[in-house]
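All remarks here apply to the structure that follows.
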Protein chains: 2
Amino acid sequence: MPRPTLASLASELAVSRQTISNVLNAPHKVKPATRERVLAAIAAADYRPSAAARQLRTQRSMNFGIRLYPATDGINGAVLDRFLHALTEAAQSAGYRLTLFCADSDEDEVRQYEQLLDVAGLDGFILTSSTPDDARSRWLQERGTPFAVFGRPWDADGHSAAAEHAWVDVDGAAGTEAAVNMLLAQGHARIGFLGWHTGNPVGADRRQGWERAMTAAGYGRDVPVLGAETEDTVAGGATGAALLASRGATAVVCSSDSLALGAMEKLREARPGAFRPGQPAGPGGRAAIVGFDDTPVAAALGLSSVAQPVEEAARHIIRVLTHELAATPAAAIVPPARQLLLAPRVVERIPLPLAAPGSD
Amino acid sequence: MPRPTLASLASELAVSRQTISNVLNAPHKVKPATRERVLAAIAAADYRPSAAARQLRTQRSMNFGIRLYPATDGINGAVLDRFLHALTEAAQSAGYRLTLFCADSDEDEVRQYEQLLDVAGLDGFILTSSTPDDARSRWLQERGTPFAVFGRPWDADGHSAAAEHAWVDVDGAAGTEAAVNMLLAQGHARIGFLGWHTGNPVGADRRQGWERAMTAAGYGRDVPVLGAETEDTVAGGATGAALLASRGATAVVCSSDSLALGAMEKLREARPGAFRPGQPAGPGGRAAIVGFDDTPVAAALGLSSVAQPVEEAARHIIRVLTHELAATPAAAIVPPARQLLLAPRVVERIPLPLAAPGSD
DNA sequence: CCCCCAAATTTGATCGATCAAATTTTGTGC
DNA sequence: GCACAAAATTTGATCGATCAAATTTGGGGG
């Protein structure tokens with residue numbers, strides 16, 4: 001038995017195609033009695049309208065596109081993983097689907113947009129990283145294609161910029177600030193920061209939170225001494241942490257879990273005492289390290305880390321996009337914020353006592 | 001200016017719709033001269049056929065579906081990440097797109113199949129894990145929907161089973177076997193195995209490779225002593241490794257990088273000497289640990305690991321699916337293997353000397 | 001009981017492609 | 001030059017939905 005269509009259902013029910021269509025798309029236009037009858041038949045026949053036919057007529061594919069980046073560093077990639085899952089879930093429950101694509105570069109990405117818009121008729125895109133003076137955003141904006149970015153817009157100098165388009169981001173500075181405050185509460189004073197040596201504005205933002213918190217606590221003069229930058233690797237974290245330790249840091253806030261992992265490994269066996277703050281930071285009085293992104297590695301090793309509310313970010317992005325695409329007379333409902341900065345939260349953990357001195 | 005359509009292009013060129021359609025879908029039916037002329041016009045107008053219209057007529061969406069699992073353990077999740085990327089890339093260059101979806105359970109997954117087939121007209125599915133006596137495979141098989149599985153079929157008892165459907169898998173046993181052989185070559189003899197305590201057939205397979213290699217090397221009598229099973233966490237790895245060490249193991253092959261990470265952490269500071277094989281395994285003569293999946297964490301920490309050729313697996317899956325969906329008269333070309341077991345390879349690494357004794 | 005207006009329902013056209021069949025063009029042999 | 005098949009091209013119908021306009025139904029007032 002072939003799949004039911006509007007026409008087949010209509011003749012069975014002795015009503016017209018349009019009535020059934022109205023039951024689904026404009027129920028108020030149908031008399032309650034018929035509506036019930038039609039709904040029952042729809043359920044009985046397991047009828048589901050064809051997306052292709054609908055798209056052909058309405059020019060809506062109910063599909064968003066998202067670029068998949070090559071898995072560079074799976075440690076941090078885990079964040080995007082969670083984001084993608086949450087996005088899919090949110091899209092699905094809003095009646096949208098997600099289409100994946102790959103691109104070699106940002107220019108290629110724009111080429112893919114063009115293709116996907118023409119061919120698949122995608123209704124919008126989700127960008128998962130914003131670059132300074134982002135050409136992709138500009139292209140989409142000019143073309144009038146709905147899109148939302150996970151990441152704030154940055155101007156060419158790496159400063160937070162104003163933009164028309166929708167975005168959601170996590171307030172990195174607030175995250176490092178909270179991390180510093182947690183460490184201060186634990187009795188630390190000489191709190192270092194280990195960041196990236198790239199000009200990445202995201203990194204600069206995270207560093208700023210540390211500076212702000214340190215200054216507010218009256219340790220502003222330590223800022224020039226206790227900040228270090230390196231490449232975003234475990235080895236870089238180890239080297240950087242050693243440097244900060246030699247400068248007297250008893251705790252380190254890092255820009256990533258990779259760095260934090262390196263720092264943790266390095267400091268695990270460092271001279272006892274050197275990292276002992278007023279109050280012990282954890283078993284064995286080891287240095288306190290805080291990472292960023294709260295990746296599974298951090299969870300596995302008992303590393304404190306700043307957690308981004310990516311699920312919430314994803315849900316909001318879908319909310320904004322679907323609102324934008326909704327039928328116009330939505331004046332009644334409150335539109336979601338087109339620009340939203342979410343606060344992260346620090347996950348405090350006690351390091352796994354795996355290799356604690358004296359254990360076997 | 002609106003997007004060009006077959007009709008608009010046709011009237012411009014003073015040929016019929018069908019001729020242009022033929023140029024794209026059956027070039028041999030068109031006289032070379034007209035073909036050139038049409039192709040030039042297509043390129044000039046940047047014409048791209050609408051997937052929705054095409055799908056409506058041909059009942060082909062050029063779209064595969066794949067379920068996204070919640071990111072449970074990002075350490076191992078990184079493998080699926082790479083797989084997904086490779087899949088997207090391969091699909092894209094074959095002219096297909098990938099649609100994501102979420103499901104709460106395997107039953108819900110089948111419900112989603114039904115929906116996606118009816119509504120979006122997906123052409124096939126890719127399953128990324130096979131369970132013993134898999135109900136999803138059975139459903140797809142019965143319905144005649146094209147699909148391919150990343151993972152071998154297992155019968156209800158957890159043994160490798162025969163199946164009609166297409167699948168690709170990585171030979172886990174061959175991987176652990178190779179790992180053991182590598183360790184043997186390094187001079188180790190008492191090589192332990194640390195696996196999962198779940199009845200998971202994938203884990204059983206990996207354990208078997210170890211047993212096989214140990215037996216072949218004449219250490220068969222050690223097998224009952226040097227094998228241990230625990231939960232798949234870093235903590236489990238630490239505990240398990242300690243146990244195996246106490247039984248005299250000088251090296252451990254693990255079922256996952258999580259376990260290996262725990263083992264490595266634990267043994268990093270273990271009694272010197274206890275883990276020193278005939279030939280030093282690495283700096284400081286520490287125990288040799290081999291993980292599984294070659295996740296970024298392993299790379300970051302210098303942990304040896306068994307690497308799965310997921311990219312190749314992904315490409316093959318797309319090859320099989322596209323072949324299945326290709327126009328029937330493909331008798332001329334060699335069909336790709338519908339069932340394929342790929343060999344993994346051991347990535348040998350020297351542990352990062354982060355916390356080597358005597359470093360600062 | 002009829003007229004009128006609003007509510008409910010139906011009809012015909014359309015989105016943009018492909019399929020199947022009809023038509024025109026081309027080429028060959030005599 | 002002509003008949004005739006093969007090659008090339010065109011025409012009309014169709015996939016399954018929605019839009020816009022036309023038609024039918026129903027209820028209230030005079």
Side-chain angles (χ1 to χ4, degrees), chain A residues 1-39 41-42 45-63 95 117-121 123 325 327-329, chain B residues 1-39 41-42 45-63 95 117-121 123 327-328:
Chain A
M1 192 181 57
R3 214 161 86 64
T5 67
L6 266 196
S8 78
L9 247 193
S11 67
E12 242 176 79
L13 269 168
V15 298
S16 69
R17 303 181 313 270
Q18 189 62 42
T19 298
I20 306 186
S21 174
N22 283 338
V23 167
L24 295 170
N25 302 312
H28 64 275
K29 290 187 181 169
V30 181
K31 202 203 318 184
T34 17
R35 195 192 308 156
E36 294 309 320
R37 208 159 60 86
V38 169
L39 281 174
I42 286 178
D46 219 28
Y47 167 74
R48 296 190 194 87
S50 144
R54 189 173 261 181
Q55 176 183 352
L56 186 59
R57 185 75 250 235
T58 63
Q59 308 288 13
R60 281 267 149 81
S61 65
M62 301 305 276
N63 236 291
L117 286 168
D118 277 4
V119 174
D123 292 334
L325 286 161
T328 36
Chain B
M1 193 181 58
R3 214 162 85 66
T5 68
L6 266 197
S8 78
L9 246 193
S11 69
E12 241 176 78
L13 269 169
V15 296
S16 69
R17 303 182 314 269
Q18 190 62 41
T19 298
I20 307 185
S21 173
N22 282 337
V23 167
L24 295 170
N25 301 313
H28 64 275
K29 289 187 182 168
V30 181
K31 204 206 312 190
T34 16
R35 194 192 309 157
E36 295 308 321
R37 207 159 59 88
V38 169
L39 281 174
I42 287 178
D46 219 28
Y47 167 73
R48 296 190 193 87
S50 143
R54 190 174 259 181
Q55 176 183 349
L56 186 58
R57 186 73 249 231
T58 62
Q59 307 288 11
R60 280 269 149 79
S61 66
M62 301 305 277
N63 236 292
L117 286 168
D118 277 4
V119 174
D123 292 334
T328 35

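Scope of the values below: all heavy atoms of this structure, side chains included, with no hydrogens, waters or symmetry mates. Just so we're on the same page: letters track the sequence lines, and every chain starts at 1.
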Contact check, side chains of P49(B) and L6(B), non-hydrogen atoms, under 4.5 Å:
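Counting from C-beta outward, P49(B) and L6(B) never come under 4.5 Å.
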
When you compare the side chain of Y47(B) with that of D118(A), does any pair of heavy atoms fall below 4.5 Å?
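The answer is no, as the side chains (C-beta and beyond) never meet within the 4.5 Å cut-off.
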
Partners of [X] by side chain to side chain donor-acceptor pair (under 3.5 Å), sequence neighbours excluded?
X: R35(B); answer: none
X: S16(B); answer: T19(B)
X: S50(B); answer: none

Closer than 3.5 angstrom, by distance alone: can the side chain of [X] be matched with the main-chain N or O of [Y] as a donor-acceptor pair?
X: D123(A); Y: S61(A); result: yes
X: Q55(A); Y: A51(B); result: no
X: R60(B); Y: G121(B); result: no
X: E12(A); Y: A7(A); result: no

Please report how far the helix from dC1(C)-dG30(D) to dC30(C)-dG1(D) bends, comparing the axis fitted to its first five pairs with the axis fitted to its last five, to the nearest 10 degrees.
50°

Could you identify which residues of residues 5-12 of chain A place a heavy atom less than 4.0 Å from some atom of DNA chain D, listed by residue number, or say none?
T5(A), L6(A)

[X] [atom1] - [N] [atom2] separation (whole Å):
X: R60(A); N: dT18(D); atom1: CZ; atom2: C1'; result: 13 Å
X: L56(A); N: dT14(C); atom1: CG; atom2: C1'; result: 8 Å
X: R48(A); N: dA17(D); atom1: CZ; atom2: C1'; result: 16 Å
X: R3(A); N: dA17(D); atom1: CZ; atom2: C1'; result: 11 Å
X: I42(A); N: dA17(D); atom1: CD1; atom2: P; result: 10 Å
X: D118(A); N: dC15(C); atom1: CG; atom2: P; result: 17 Å
X: L24(A); N: dA17(D); atom1: CG; atom2: P; result: 9 Å

Give Q59(B) one of three labels, base, sugar-phosphate or nothing, depending on what nucleic acid heavy atoms sit under 4.0 Å from its own.
sugar-phosphate

With the side chain defined as heavy atoms from C-beta on, N25(B) is closest, among dG16(C), dT18(C), dG16(D), to dT18(C)

In B/S/- notation, 5' to 3', how is nucleotides 7-12 of chain C contacted by protein heavy atoms closer than 4.0 Å?
-SBBBB

Separation between CZ (R54(B)) and OG (S21(B)), nearest 0.5 Å, reads 7.5 Å

Grab the two heavy atoms, one from A45(B) and one from P4(B), that are nearest each other, plus how far apart they are.
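Looking at all heavy atoms of both residues, the closest pair is O-CG, 3.6 Å.
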
Side-chain N or O of S21(B) less than 4.0 angstrom from OP1 or OP2 on dA17(C)?
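Checking S21(B) against dA17(C): no side-chain N or O falls below 4.0 Å of OP1 or OP2.
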
